[in-house]
Amino acid sequence: MESLATKVTPIPKEVMVLGICGGSGAGKTFVAESVKRRFGPEVTLITQDYFYRGLPEGTDASTYNFDHPASLAWDELEATLHTLKKGKEVVLPYTYDFTTHKRDSTKQILFKPTPFLVIEGIIIF
């Protein structure tokens, strides 16, 4: 006779997503990093800042609205979240350089799938 345990179908893990939103200087990063420190490898931390498109050519950074939704690559952020929720790694093929306001393709970011995704940013909602 088989044990009951061999007949039970495992329930797939649901990936939980926690969004942290607020104005500049509100403590979003502090809260997100505190969650990451508390739960360690169970958490993947994603910041909206990773997904800036880069300053358009010929645009003055002092007059550009970095808080406008058009400044972000929402399609890339959405694809990253969907891929992680499917349990697959994501390599972001660039980092955003805040001094040049451009994407730097010499540095990449690896996101690993975890049971908890924490995303923080000023306009993520």
Side-chain angles (χ1 to χ4, degrees):
M1 179 174 187
E2 292 183 46
S3 74
L4 182 59
T6 61
K7 294 184 180 188
V8 175
T9 304
I11 299 170
K13 280 188 185 178
E14 179 70 24
V15 175
M16 301 296 291
V17 180
L18 170 65
I20 303 170
C21 185
S24 295
K28 298 176 300 295
T29 302
F30 175 79
V31 171
E33 289 175 352
S34 295
V35 170
K36 174 66 176 163
R37 276 192 306 275
R38 171 64 178 89
F39 296 100
E42 296 291 305
V43 173
T44 295
L45 177 57
I46 299 173
T47 179
Q48 165 191 293
D49 293 350
Y50 296 148
F51 296 91
Y52 277 112
R53 293 186 183 279
L55 190 65
E57 199 63 42
T59 304
D60 181 359
S62 67
T63 62
Y64 186 72
N65 184 0
F66 290 96
D67 295 336
H68 191 281
S71 67
L72 297 162
W74 293 104
D75 54 337
E76 293 174 14
L77 175 57
E78 182 179 10
T80 297
L81 293 174
H82 282 293
T83 302
L84 289 169
K85 284 188 77 172
K86 290 179 186 173
K88 298 179 182 176
E89 291 183 348
V90 175
V91 175
L92 197 61
Y94 60 84
T95 57
Y96 185 77
D97 185 328
F98 285 92
T99 58
T100 64
H101 304 290
K102 300 279 183 197
R103 289 178 168 188
D104 181 353
S105 60
T106 64
K107 300 174 187 168
Q108 300 178 342
I109 302 171
L110 172 65
F111 298 112
K112 294 191 176 240
T114 57
F116 300 98
L117 298 177
V118 175
I119 178 165
E120 66 91 6
I122 192 169
I123 55 175
I124 60 164
F125 295 127

Mind checking ring pair (Phe, Tyr, Trp, His ring centres under 6.0 Å) for [X] and listing every partner two or more places apart, or none if nothing turns up?
X      : answer
Phe30  : none
Phe116 : none
Phe111 : Tyr50
Tyr94  : none

If you compare all heavy atoms of [X] against all heavy atoms of [Y], which two are closest, and at what distance to 0.1 Å?
X      : Y     : result
Leu45  : Ala32 : CD1-CB, 3.4 Å
Phe39  : Val43 : CB-CG2, 3.5 Å
Pro115 : Glu42 : CG-OE1, 3.1 Å
Asp49  : Tyr96 : O-CB, 3.7 Å
Asp67  : Ser71 : N-OG, 4.4 Å

Looking just at side-chain N and O atoms, do Glu120 and Thr29 make a donor-acceptor pair shorter than 3.5 Å?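 Yes - a donor-acceptor pair under 3.5 Å links their side chains.
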Using the ring pair (Phe, Tyr, Trp, His ring centres under 6.0 Å) rule, collect all pairs that involve residues 67-87, keeping only residues at least two apart or in two chains. none
So salt bridge (charged side-chain N to carboxylate O under 4.0 Å, His left out) across residues 90-103, not counting sequence neighbours, yields Glu57-Lys102, Glu76-Arg103
Holding to side-chain hydrogen bond (donor to acceptor under 3.5 Å, both in side chains), I want the full list of residues that pass it with [X], two or more places apart in sequence or in another chain.
X      : result
Thr59  : none
Thr114 : Thr44
Asp60  : Ser62

Could you go through residues 84-91 and list every donor-acceptor pair under 3.5 Å that involves a side-chain atom there, pairing it with any protein atom two or more places apart or in another chain?
{"residue": "Glu89", "atom": "OE2", "partner": "Lys112", "partner atom": "NZ", "Å": "3.2"}

Going by side-chain contact (heavy atoms from CB on, under 4.5 Å), name the residues that satisfy it together with Pro41, two or more places apart in sequence or in a different chain. none
Can you list the residues that meet the side-chain contact (heavy atoms from CB on, under 4.5 Å) rule with Ile119, with sequence neighbours excluded?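 side-chain contact (heavy atoms from CB on, under 4.5 Å) list for Ile119, sorted by chain: Val17, Ile46, Leu77, Leu81, Ile124.
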Path from Tyr64 to Ile123 over hydrophobic side-chain contacts below 4.5 Å: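 Hydrophobic grouping puts Tyr64 with Ile123.
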Would you please indicate if the ring centroids of His101 and Phe66 are separated by under 6.0 Å?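 Ring centres of Phe66 and His101 closer than 6.0 Å.
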Rounded to the nearest 0.5 Å, what separation is found between the CG atom of Asp75 and the CZ atom of Arg53?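 Between atom CG of Asp75 and atom CZ of Arg53 there are 5.5 Å.
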Got a second to check how far Ile122's CD1 is from Lys28's NZ, nearest 0.5 Å?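 These two atoms lie 5.5 Å from each other.
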Determine, step by step, whether Leu18 and Leu117 satisfy the side-chain contact (heavy atoms from CB on, under 4.5 Å) criterion, reporting the C-alpha distance in whole Å, the side-chain angles of both residues, the deciding distance to 0.1 Å, and the verdict. CA-CA 6 Å; Leu18 170 65; Leu117 298 177; over 6 Å; no
Do Gln108 and Leu92 touch side chain to side chain, with heavy atoms closer than 4.5 Å? no
